[in-house]
Amino acid sequence: MDIGKLLAERTKYMTASEIRELLKWATVDVISFGGGMPDPSTFPVEDIQKIVNYVLEAYPHKALQYGSTEGVYELRQEIAKFSEEHHGIKTKAENVLVTVGSQEALELLGRVFINPGDVVITENPTYLAALQAWRVYQPKLVGIPMDEHGMIVELLEDKVRELLARGERIKFIYTIPTAQNPTGITMTQDRRKYLLEVAERYDLLIVEDDPYSYFLFEPIQVAPIKALDKSDRVIYLSTASKIFAPGFRLGWVVASEEVIKWFYLAKQSLNLNTSNFVQYIFLEGLRRGVVTKNLPRVKELYKRKRDAMLAALETYMPEGVRWTRPSGGMFVWATVPPQIDTRELLRKAVTQYKVAFIPGHGFFVDESVKNAMRLNFTYPSFEQINEGIRRLALAIKEA
Ligand SMILES: Cc1ncc(COP(=O)(O)O)c(C=O)c1O
């Protein structure tokens, strides 16, 4: 049967994630700098074991039942409290929606806001899987260049003016301001304020994706844009994936009650609700302070791993290779000489040198940059970081 004939128009915009493909290789003898996986030693396994037992004893009938689409009310309250304590975001349970990881929130944004031809503005480069989620809804993706201080907001304002003058419909500006994926760059506080001013001036919505502000390695003082937002124009996303365990698939949105209402409707047909069992486990994790207790240890480990990767890059990389010094998060972003296409390099690196990374192409809205790569430093061991960078340097030298 020819299934291809039956596919919807939008299905052709669905592409396989290079990250997902690479995760398959992580099991063989390849050292992988591919996926954004936490170090498994950071999972609070013993605490989770106790919590699972407690949840099943204390409220099995709620935890194993269907739940409300917005999420378990007590968890929404607890997330509101956590948002204030960790990020200075003043909010309440009614402004919180629990999602199946932040990835679901990215999908909800597409479902709720994007018509074909609408404009979505992002940093360039940006999170590959966000672009992938939205491409299905056929927006015009407009990328704003970055420097070491984050998105260049002056250029953003020029671009916004130009787009509006042309009569384009801008649906939102997507930013990962803290320890950005893929560059590790943190946007300065001045730029954050300026970005919010631009959004206010032109009446635009901002989507702030924040999985990594828990892991800032430098003493940088920045507040989430959401904490500065007086006009309810910031939709803030965060996740338990990097601070608890990604296997639970739990994230959340903080936004105006109106946005929460539309997300609620869109989520209803998607999956009815985020697993109640998982929500009660994370609720207990927050109440018992498991997350807060764990964070300093995890941050210290990731800082040492970042430093190990930077040291290995310094030792092994040939002339002409450049890389960022990430202020936090999980990734180094490296650029090789322009004659090397990192997609081609990857094939050779994996088959011959047994080392993997994510080629940079897919992080750019137009895939125009072909000589960049993202390197994850949290998942591999210290030995693998050193050996993997040594192998990668050999592959680059050969190319
Ligand atoms: C910027 C960004 N947003 C969203 C996600 C999705 O995270 P999750 O669905 O695990 O919460 C990630 C994961 O790496 C990410 O880096």
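Counting convention: from 1, in listed order, for ligands and their atoms alike.
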statement: atom 7 (O) of ligand 1: closest protein heavy atom, distance to 0.1 Å, is S102 CB, 4.1 Å
- line: Looking only at heavy atoms, the pair that brings L375 and A334 closest together is CD1-CB, 4.2 Å
field: I176: numbered ligand 1 atoms lying under 4.0 Å from its heavy atoms
entry: 1 (C)
- prompt: Any non-hydrogen atom of P246 lying under 4.0 Å from ligand 1?
  reply: no
- prompt: In the protein, which heavy atom is nearest to atom 1 (C) of ligand 1, and how far is it?
  reply: D209 OD2, 3.3 Å
field: Proximity flag M330 to ligand 1, non-hydrogen atoms under 4.0 Å
entry: no
- request: Taking only heavy atoms of N181 into account, list the atoms of ligand 1 that are under 4.0 Å away from them.
  value: 15 (C), 16 (O)
- request: Quick one: look up the protein heavy atom nearest atom 6 (C) of ligand 1 and list residue, atom name and how far away it is.
  value: Y127 OH, 3.7 Å
- prompt: Between Y174 and ligand 1, is there a nitrogen or oxygen pair with a distance under 3.5 Å?
  reply: no
Qualifying residue for side chain to side chain donor-acceptor pair (under 3.5 Å) with K267, from T99, T69, T274: T274
statement: Between R10 and V136, the two heavy atoms sitting closest are CB-O, 3.6 Å
query: Given the rule in the side chain to side chain contact (heavy atoms under 4.5 Å, CB included) test, do E162 and V160 qualify, once you have shown the distances and angles that lead to the verdict?
result: CA-CA 5 Å; E162 179 195 318; V160 165; over 6 Å; no
query: Going by atom types only, do N271 and E104 share a side-chain donor-acceptor pair under 3.5 Å?
result: yes
- prompt: Counting each atom of ligand 1 from 1 as listed, which ones have a heavy atom of T239 under 4.0 Å away?
  reply: 8 (P), 11 (O)
- prompt: Is S241 in contact with ligand 1, taking contact as a heavy-atom separation below 4.0 Å?
  reply: yes
field: atom 16 (O) of ligand 1: nearest protein contact (heavy atom, Å)
entry: Y212 OH, 2.6 Å
message: If only side-chain N and O atoms count, and only distance matters, is there a donor-acceptor pair under 3.5 Å linking E157 with Y202?
response: yes
- prompt: Does P177 offer a backbone N or O that forms a donor-acceptor pair with the side chain of R192 under 3.5 Å?
  reply: yes
- request: Return yes when R249 approaches ligand 1 closer than 4.0 angstrom through a heavy atom, no otherwise.
  value: yes
- prompt: How about D210 and Y236: does a side-chain donor come under 3.5 Å of a side-chain acceptor?
  reply: yes
- prompt: Does any donor atom in the side chain of K305 or S381 lie under 3.5 Å from an acceptor atom in the other side chain?
  reply: no
- prompt: Should you measure from each heavy atom of K242, which atoms of ligand 1 turn up under 4.0 Å away?
  reply: 13 (C), 14 (O)
